[in-house]
Chemist: 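Input: one structure, supplied below.
Every chain is numbered from 1 and lettered A, B, ... according to where its sequence line falls, protein lines coming before strand lines.
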Amino acid sequence: MSERSLDAASLQMLRVAAGRGVETVWDRLERQQPQCGFGDLGLCCRHCVQGPCRIDPFGDGPQRGVCGATADTMVARGLLRAIAAGTAAHSGHAKHLAHVLAKVAGGSAKDYAVKDDAKLRAVAARLGVDGEGKDTLELARAVSQAALAEFSEKESPQAWAVSTLTHGRQEALGRLGAVPGGIDAAISEVMHRTTMGVDADPLNLLAGGLKCAVADYAGCHLATDLADILFGTPQPVVSEANLGVLKERAVNVALHGHNPVLSDLVVTAAGEVQQEARAAGAEEGINLVGICCTGNEVLMRHGVPPLTHAISQELPILTGALDAIIVDYQCIYPSLVQVAECYGTRVVTTMGIAKIPGATHLEVEEEKALEQSKEILRLAIVAFQARQGRPVEIPAVKTKVVAGFSTEAIVAALGKLSSEDPLKPLLDNIVNGNIQGVVLFAGCANVKVPQDRNFITMAAELLKRDVLLLATGCGAGAFARHGFLDPAATLRYAGPGLMAVLTAIGEANGLSGPLPPVLHMGSCVDNSRAVDVAVALANKLGVDLDRLPVVASAPEYTTEKAVSIGTWAVAAGLPVHLGVVPPVLGSRVVAETLTAGLKELTGGYFIVETDPLQAAARVYEAIQQRRAGLGLATRAFAEVG
Amino acid sequence: MEILIRYERCLGCHSCELACAVAHTPGKTLIAALAAAPPPRKRLFVEQGDGHRLPFVCRHCEEAYCVDACISGAMHRRPDGTVTNEGGLHSCVGCWMCVMACPYGVIQADYQKREALKCDRECLTASGTPACVAACPMGALVYTTVDEFAQDRRREYGQDHILPGLQAG
């Protein structure tokens, strides 16, 4: 069992699952063995019905598909379609928020409001939307229109990309033809060029992939911006994580998926139906908890405790104490319904594009979302009443969490040390070596990796070598559940230089102690926040992103969304570590371009390493190369044992 | 134990071929095999005929034509029943007599070594299963005894074709 997870609560629930014969994602991975070797290498193509075609990786069998596509073409096409799917997911999320903002401006979504006028004005100014003399709703209308205009076909470059990157980056991407116009147009172009008989040149395809990935970056940034405008920009918040946050005597409701549009309103609705829950016998009222990135959204803005993440999403049901799971979209296992059937947990789907057979579907419309949120919570209250008398097993496992580190929050915290020039302390400490560099841990969990192993192992190795860590998405979730978002962990894990810096910032902000060693920046779309920090640093230093000692790592990634994020991070000029081998090894041309050739073009490149200790060493080495390039003192990985 | 085939289950995914080639490399993993030089070779074949997928695998015949036909004396039967041209008293000279004699066509040429190349069962997984069988996602290749295979066939036929009639009657 221990090969499945490092999380004590997950392991306890896996024993329950085994005892009761409840199937989980780990069992299904076993049932899927052996998985297809052609798929693993990217050497199968189903893009037309003359196929499916496979290419023999050992040269013994067919070397071309029926149409004549080579391994290089096939692998590149497959990768591009993953990037397009990831882009579609993030930008679908972003577009949803843009429509809500438009409805708020138009007065038809009364349950929503512009919560952060300052962010609205900052975004408007960045886009060149004139805010002079406009009231909040007028400006919201203009920004929502500007946002929606960024999706379709357009002549001008993608505003959310170019307005948020360095000039050097805009030029580098421009030279590669990788500055997209509309986001949807970029996705559509990838689907076109990867269909039968269009683009067969692997390098031309990969350039097209970079362009679509930059569109994904724009979609992510747009989503973060609009979520902050509608629901508030996160500020540091204290909470707790893991299954121990469930309460036997409460109506426990999990918010799962990715978008704050519904979940943020459920937080409001929960406040309004607390009395109903108590009247139904729930002494502790309604207890909202989060799963995956919807969980991250409501943690960042409201301190809603994160329950668990991604691959362990089925396990909270096994406590017998979870009354409802309200889901929006992305990363929601259809199997939740089968597990819930054994327990009486209500799985409620809420989005027209994301239904699950066997779940209760209540399609949420923004015009009446608050009332619908209450309606869903009442389903949970009924489920709570029905479970009375049944045993529950809630693992006594929870950790302290400090989250809410938006770019604005980080800059504000730094501003307490240097109000004139908030970035100066960060930059000075990178230059003097107290901070060796910055690593952004992002991406999902993957059931092929023992849960959290790569995140935790790499973080411990990097922290003791004075690397500042940022985290988003399910990666941040892993750190939450293992205590890495607790300021006390700084004393345990951080090297002396990093500890001094985190302590100085913490004390300047009245925390009487350090910041946590990993700064939780939000959900997976919020990787754009980390780019904002990096761009600010680069501009201050007067260099482009491809020279900063900043690396991204997705050590346990799973989804197509992670593929698109990883690709835009490489386009942005960052080294990007992948802890799971992507399905590209069937083409030497593609694999070598991704890990080496791209370096010449964008400055970024992929580091593929499945062993977390080796990965930490290689990421650290990448940081040191960048330090050397800036003329800063360097250290060897082996200097710290 | 024999590798026997349930032809009706084969979907033609070629996973068995891939696994066979990988199992004949030192690293025994797909990724390590990509770097192997010379590239590894499969020793079984999934052919296609009239819409059916037809896996061909060496039968390790009791009265093996390939052994009889071998002029150098390389092709021989090991005590465990495996028929192979490797590790015997004599070396293969690449005359291809075995290739011509084999009615199943499961012996091929290794031109670089100028030797015949065939299934040698040097591919067993930790549980003792041939790599091709372990890799088959459909259960089309099975590693079993002839009698057990036949019994399974009788059970399947009885359940599908005899019992329904009896129950209806």
Chemist: Can you tell if the side chain of B:Pro39 reaches within under 4.5 Å of the side chain of A:Asp60, non-hydrogen atoms only?
Modeler: no
Chemist: Does B:Cys13 form a side-chain contact (heavy atoms from CB on, under 4.5 Å) with A:Arg54? I'd like the steps, not just the answer.
Modeler: CA-CA 9 Å; B:Cys13 74; A:Arg54 281 142 307 181; 4.3 Å; yes
Chemist: Side-chain polar contacts of residues 62-72 of chain B - donor-acceptor pairs under 3.5 angstrom, sequence neighbours left out - could you list them?
Modeler:
| from | atom 1 | to | atom 2 | distance (Å) |
| --- | --- | --- | --- | --- |
| B:Ser72 | OG | B:Ala74 | N | 3.2 |
| B:Ser72 | OG | B:Ser91 | O | 3.0 |

Chemist: Given side chains that start at C-beta, do those of A:Leu41 and B:Leu34 come closer than 4.5 Å, heavy atoms only?
Modeler: yes
Chemist: Counting only heavy atoms closer than 4.5 Å, note whether B:Ala134 contacts chain A via side chain, backbone, both or neither.
Modeler: backbone
Chemist: Is there a side-chain contact between A:Gln32 and B:Pro137 (heavy atoms, below 4.5 Å)?
Modeler: no
Chemist: Would the number of heavy atoms belonging to other residues, nucleotides or ligands and lying under 6.0 Å from CZ of B:Arg153 be above 12?
Modeler: yes
Chemist: By the definition side-chain contact (heavy atoms from CB on, under 4.5 Å), identify the one residue from A:Leu585, A:Thr610, A:Val608 that meets it with B:Ile31.
Modeler: A:Leu585
Chemist: Starting at NZ of B:Lys42, measure out to CG of A:Asp56 and round the result to the nearest 0.5 Å.
Modeler: 5.5 Å
Chemist: Under a 4.5 Å heavy-atom cutoff, which of B:Ser15, B:Pro40, B:Gly12 has the most pairs with chain A?
Modeler: B:Pro40
Chemist: Taking the side chain as every heavy atom from C-beta outward, state whether A:Phe58 and B:Arg41 have any atom pair closer than 4.5 Å.
Modeler: no
Chemist: Crowded around B:Tyr111 OH? As in, over 12 foreign heavy atoms under 6.0 Å?
Modeler: no
Chemist: Within a 6.0 Å radius of atom CD on B:Gln112, are there more than 12 heavy atoms belonging to other residues, nucleotides or ligands?
Modeler: no
Chemist: Sort out for me which of A:Gly37, A:Gly61, A:Cys36 touches chain B most, counting heavy-atom pairs under 4.5 Å.
Modeler: A:Gly37
Chemist: Take atom NZ of B:Lys28 as the centre, draw a 6.0 Å sphere, and report whether it contains more than 12 heavy atoms from other residues, nucleotides or ligands.
Modeler: yes
Chemist: Highest number of heavy-atom pairs under 4.5 Å with chain A: which of B:Ala36, B:Pro38, B:Cys136, B:Ala33?
Modeler: B:Ala33
